Asker: 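Have a look at this one before I ask anything.
Order of the sequence lines sets the chain letters (A, B, ...), proteins ahead of strands, with each chain counted from 1. Every value quoted in this text rests on a predicted model; they were computed, and no experiment measured them.
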Amino acid sequence: MPELPEVETIKRELRRKIRGQRIVGCSIQRKDIIAHPSAAAFCPSITGELIIDVERNAKYLIVQLSNNKRLVFHLRLSGTIVVSPLNSTLERFTRLAIQLNDCQLFFKEPRALGRVYLIDGNELVPTLKGFYRLGCEPISDGFTFDYLKAKLKRRKARIKSLLLDQNICAGMGNIYSDEALFRAGIRPMRRANRMTDKEIKKLQQTLKDVIRDGITNFGTSVSDYKRTDGKEGSFQKMLHVYGREGEPCRKCGSKIALKKIGNRGTRYCPKCQT
DNA sequence: ATGACGTCCTGCCTGC
DNA sequence: TGCAGGCAGGACGTCA
């Protein structure tokens with residue numbers, strides 16, 4: 001599923017492929033994918049605009065348009081963005097197609113949970129609540145030991161659940177949370193307020209490392225995620241716990257366990273993580 | 001404010 | 001082979 005490294009990969013590829021192009025056409029295959037404004041108003045509002053730049057904030061992909069408009073994509077669980085030649089036919093599960101000067105974008109979303117928003121100037125989009133209250137990304141300078149400690153102390157929720165909280169670790173998702181906890185040697189069900197300074201320090205570092213490694217490897221292709229040319233990322237080859245339940249731990253040989261924490265499938269090594 | 005849990009959505013996998 | 005049912009899970013709403 002697209003987490004920070006996957007969205008960063010898409011951002012970098014789009015920046016290279018579509019910056020400076022103009023939107024010449026738009027078609028919506030599924031209306032409820034357009035969260036704001038109405039589906040009827042959407043295409044007319046973006047057609048004719050120039051693509052100034054492509055950015056990312058946590059898991060949100062932001063396409064800066066001319067006239068101070070921003071196109072915001074949230075890929076949720078299964079969203080992908082494909083860059084195709086202009087004459088190519090719509091790919092399966094395409095929910096939105098945007099034609100540019102010399103290529104087109106397909107927003108594909110098999111599970112139809114992803115959303116697209118158009119923000120006009122400084123307008124506040126009510127359905128984009130999470131976007132306005134994101135915490136620090138693990139790879140940002142602000143993601144220090146002190147920051148993480150302040151966010152975790154007095155919280156008695158399980159650490160795994162708090163890593164998924166976008167107000168604490170912006171851009172984190174299920175895969176990288178499990179991997180960071182494995183690298184830090186911390187059990188996902190541990191209560192945040194019971195963690196030592198040493199453990200928080202370690203976790204702060206492994207969160208940074210795992211996200212950086214994910215980006216270096218162009219993301220994790222385990223289900224739907226693909227790069228904008230349809231190719232796979234490669235971080236799935238380096239996973240220690242995610243998707244490896246029942247298989248031997250690469251460090252100690254114990255069977256990787258799978259438990260539900262906060263209704264999320266959570267993988268960990270019962271021996272390496274304490 | 002916090003934490004637990006239900007809901008959305010639909011392709012895919014499992015089991016009968 | 002075919003079908004029903006369960007599962008996956010990010011964000012958000014609801015409830016205690």
Asker: In residues 110-120 of chain A, which residues come under 4.0 Å of DNA chain B by heavy atom?
Answerer: A/Pro110, A/Arg111, A/Ala112, A/Leu113
Asker: Examine C/dG9: is either OP1 or OP2 under 4.0 Å from a nitrogen or oxygen in the side chain of A/Lys260? Give yes or no.
Answerer: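 Answer no for this pair, as no side-chain N or O of A/Lys260 is under 4.0 Å from OP1 or OP2.
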Asker: Just to verify, what does A/Phe145 make a ring-ring contact (aromatic ring centres under 6.0 Å, His included) with, not counting sequence neighbours?
Answerer: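 None.
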Asker: Assign each of A/Ala157 and A/Arg92 to its nearest nucleotide of DNA chain B by heavy atoms, then name whichever residue's nucleotide is nearer the 5' end.
Answerer: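 Taking each residue's closest nucleotide, the earlier one in sequence belongs to A/Ala157.
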Asker: If the cut-off is 4.0 Å, is A/Asn263 near the phosphate of B/dC5, judged by side-chain N/O to OP1 or OP2?
Answerer: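 Answer no for this pair, as no side-chain N or O of A/Asn263 is under 4.0 Å from OP1 or OP2.
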Asker: Between A/Ser78 and A/Tyr225, is there a side-chain donor-acceptor contact under 3.5 Å, judged purely by atom types and distance?
Answerer: no
Asker: Can you see if the side chain of A/Tyr242 gets near the phosphate of C/dG9 - specifically, an N or O under 4.0 Å from OP1 or OP2?
Answerer: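 Answer is yes, contact under 4.0 Å.
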Asker: Does A/Ile175 form a side chain to side chain contact (heavy atoms under 4.5 Å, CB included) with A/Met1? I'd like the steps, not just the answer.
Answerer: CA-CA 8 Å; A/Ile175 298 174; A/Met1 42 242 67; 4.2 Å; yes
Asker: Are A/Tyr60 and A/Gln166 close enough that a side-chain donor and a side-chain acceptor fall under 3.5 Å?
Answerer: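 The criterion, which ignores hydrogens and geometry beyond distance, is not satisfied for A/Gln166 and A/Tyr60.
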Asker: Both A/Met1 and A/Leu128 contact DNA chain C. Taking the nearest nucleotide for each, which residue is further toward the 5' end?
Answerer: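 Counting from the 5' end, the first nearest nucleotide belongs to A/Met1.
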Asker: May I ask you to evaluate whether A/Gln166 reaches the phosphate of C/dG10, defined as a side-chain N or O under 4.0 Å from OP1 or OP2?
Answerer: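 Checking A/Gln166 against C/dG10: no side-chain N or O falls below 4.0 Å of OP1 or OP2.
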Asker: If the condition is side-chain contact (heavy atoms from CB on, under 4.5 Å), which residues does A/Ala35 pass it with, not counting sequence neighbours?
Answerer: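 Applying side-chain contact (heavy atoms from CB on, under 4.5 Å) to A/Ala35 gives A/Arg115, A/Tyr117, A/Thr127.
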Asker: Respond yes when some side-chain nitrogen or oxygen of A/Arg264 is under 4.0 Å from OP1 or OP2 of C/dG10, and no when none is.
Answerer: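 Yes, such a contact exists.
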